[in-house]
2 protein chains.
Amino acid sequence: MAKYDPTLSLIFQALSDPTRRDMLARLGGGAVAVSDLARPTGLRLPTILRHLAVLEEARLITTTKQGRTRMCHPVPATLTLAKSWLDERRLEWEARTDRLEAFLETLEDENDPEP
Amino acid sequence: MAKYDPTLSLIFQALSDPTRRDMLARLGGGAVAVSDLARPTGLRLPTILRHLAVLEEARLITTTKQGRTRMCHPVPATLTLAKSWLDERRLEWEARTDRLEAFLETLEDENDPEP
DNA sequence: GTGATAGTTACCCTTATGGCTAAGTATGAT
DNA sequence: ATCATACTTAGCCATAAGGGTAACTATCAC
């Protein structure tokens with residue numbers, strides 16, 4: 001298996017920005033035009049376009065042009081890629097829950113809040 | 001519900017770096033000391049420490065000091081936060097799969113490669 | 001063809017990010 | 001007390017990220 005997946009970096013990086021997450025959340029109804037996506041953000045179009053470029057590079061969306069308006073379509077499969085990584089980690093991590101519990105109890109002991 | 005969650009930004013941002021993902025992947029066995037975590041990366045300790053600070057701020061790990069060595073513990077609950085957001089999106093998006101299919105067929109039609 | 005609409009491109013500016021070295025602190029071993 | 005180990009802190013440097021203007025292109029409606 002690859003040492004690391006550059007795709008995952010692009011995806012998580014794309015998801016790390018609230019504006020971009022917000023736009024993704026508004027793709028639930030299907031395809032949305034660029035300006036419609038931009039409007040509620042209060043940001044300028046060139047800024048939005050660069051956000052969209054990031055989302056497209058991560059393949060979280062694809063876009064198509066119809067006449068003079070560009071439509072943005074969500075790509076659910078890419079979410080699955082991110083989810084898979086998280087699932088793998090969680091499986092590994094929770095196999096050790098017992099050890100973590102022990103650690104948390106250790107924490108309780110030295111539980112002195114700083115000034 | 002909140003307009004956006006700053007926590008999610010921290011989490012996804014933390015996950016966007018391959019070095020950090022790599023370190024998280026090596027926490028499967030439970031707690032790991034900082035230098036042990038650092039060794040396979042080939043990076044200097046100060047660099048690693050800042051990566052760990054990012055992971056800790058996102059609450060993907062917690063750390064405790066035992067003598068002069070600092071141990072890093074995974075925090076599975078934080079993964080769940082990220083997963084939840086992804087699940088919400090995927091539900092919304094896939095409710096529109098039919099519409100996406102239609103879109104893809106539209107694509108087939110105007111399928112002329114640009115010069 | 002004129003004008004509005006919807007993107008697009010080019011460039012600027014400020015801050016954040018990821019890497020480093022050098023020098024400091026704290027703990028464990030002798 | 002001395003020395004090695006394991007971080008820590010402070011600061012430097014280059015690039016990437018996120019915001020903006022201004023000016024340009026391409027449709028669409030008249």
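Below, chain A is the first sequence line, B the second, and so on; all start at residue 1.
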Is A/Lys83 close to B/Asp87 at the side-chain level, that is, under 4.5 Å between some pair of heavy atoms? yes
Taking the side chain as C-beta and beyond, is there a heavy-atom pair between A/Leu15 and B/Trp85 under 4.5 Å? yes
Once side chain to side chain contact (heavy atoms under 4.5 Å, CB included) is applied, do any residues pair with A/Ala33, and if so which ones, sequence neighbours excluded?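 Expected list: A/Asp36, A/Met71.
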Contacts of type side chain to side chain contact (heavy atoms under 4.5 Å, CB included), residue B/Arg26, not counting sequence neighbours: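 Listed in chain order: B/Asp22, B/Met23, B/Leu37, B/Pro40, B/Thr41.
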How many whole angstroms separate atom [atom1] of [X] from atom [atom2] of [N]?
{"X": "A/Leu49", "N": "C/dA6", "atom1": "CG", "atom2": "P", "value": "13 Å"}
{"X": "A/Asp36", "N": "C/dT5", "atom1": "CG", "atom2": "P", "value": "14 Å"}
{"X": "A/Glu57", "N": "D/dA16", "atom1": "CD", "atom2": "P", "value": "12 Å"}
{"X": "A/Arg70", "N": "C/dT5", "atom1": "CZ", "atom2": "C1'", "value": "16 Å"}
{"X": "B/Arg21", "N": "C/dG18", "atom1": "CZ", "atom2": "P", "value": "11 Å"}
{"X": "A/Met23", "N": "D/dG18", "atom1": "CE", "atom2": "P", "value": "11 Å"}
{"X": "B/Leu52", "N": "D/dA6", "atom1": "CG", "atom2": "P", "value": "16 Å"}
{"X": "B/Leu45", "N": "C/dG18", "atom1": "CG", "atom2": "P", "value": "17 Å"}

Anything under 3.5 Å between a protein N or O and an N or O of nucleotides 21-25 of chain C, put it in a table, one pair a line.
| from | atom 1 | to | atom 2 | distance (Å) |
| --- | --- | --- | --- | --- |
| C/dT21 | OP1 | B/Arg44 | NH2 | 3.1 |

Look at the side-chain heavy atoms of Ile, Leu, Val, Met, Phe, Trp and Tyr, link any pair under 4.5 Å apart, and say whether B/Ile61 and B/Leu49 land in one connected group. yes
Calculate, to the nearest 0.5 Å, the distance between atoms CG and CG belonging to B/Leu81 and A/Leu86 respectively. 11.0 Å
What's the closest nucleotide to the side chain of B/Thr69 if the choices are D/dG20, C/dA6, D/dA6? D/dA6
Just N and O in the side chain of B/His51: are any of them under 4.0 Å from OP1 or OP2 of C/dG19? yes
Ignoring backbone atoms, test whether A/Lys65 places a side-chain nitrogen or oxygen under 4.0 Å from the OP1 or OP2 oxygen of C/dT8. yes
For DNA chain D, which residues in residues 8-20 of chain B have a heavy atom at a distance below 4.0 Å? none
Between A/Arg50 and A/Met71, just flag the one whose closest nucleotide in DNA chain C comes earlier from the 5' side.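 The residue mapped nearer the 5' terminus is A/Met71.
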The criterion is side-chain hydrogen bond (donor to acceptor under 3.5 Å, both in side chains); which residues satisfy it with B/Glu56, sequence neighbours excluded? B/Thr63
Protein-nucleotides 28-30 of chain C N/O pairs closer than 3.5 Å?
| from | atom 1 | to | atom 2 | distance (Å) |
| --- | --- | --- | --- | --- |
| C/dG28 | O4' | B/Arg68 | NH2 | 3.3 |

Tell me whether the rings of A/Phe12 and B/Phe12 are parallel (<30°), tilted (30 to 60°) or perpendicular (>60°). parallel
Between A/Ser16 and A/Arg21, do the side chains contain an N or O donor and an N or O acceptor separated by less than 3.5 Å? no
Between B/Ala33 and A/Leu43, just flag the one whose closest nucleotide in DNA chain D comes earlier from the 5' side.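 By nearest-heavy-atom nucleotide position, the 5'-most residue is B/Ala33.
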Can a donor-acceptor pair be found, under 3.5 Å and without considering hydrogens, that links the side chain of A/Arg20 to the backbone of A/Ala14?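 Yes.
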Result of checking A/Val75, A/Leu27, A/Leu24, A/Thr62 against A/Leu55 for side-chain contact (heavy atoms from CB on, under 4.5 Å): A/Leu24
Is the count of non-hydrogen atoms from other residues, nucleotides or ligands lying under 6.0 Å from B/Glu57 atom CD greater than 12? no
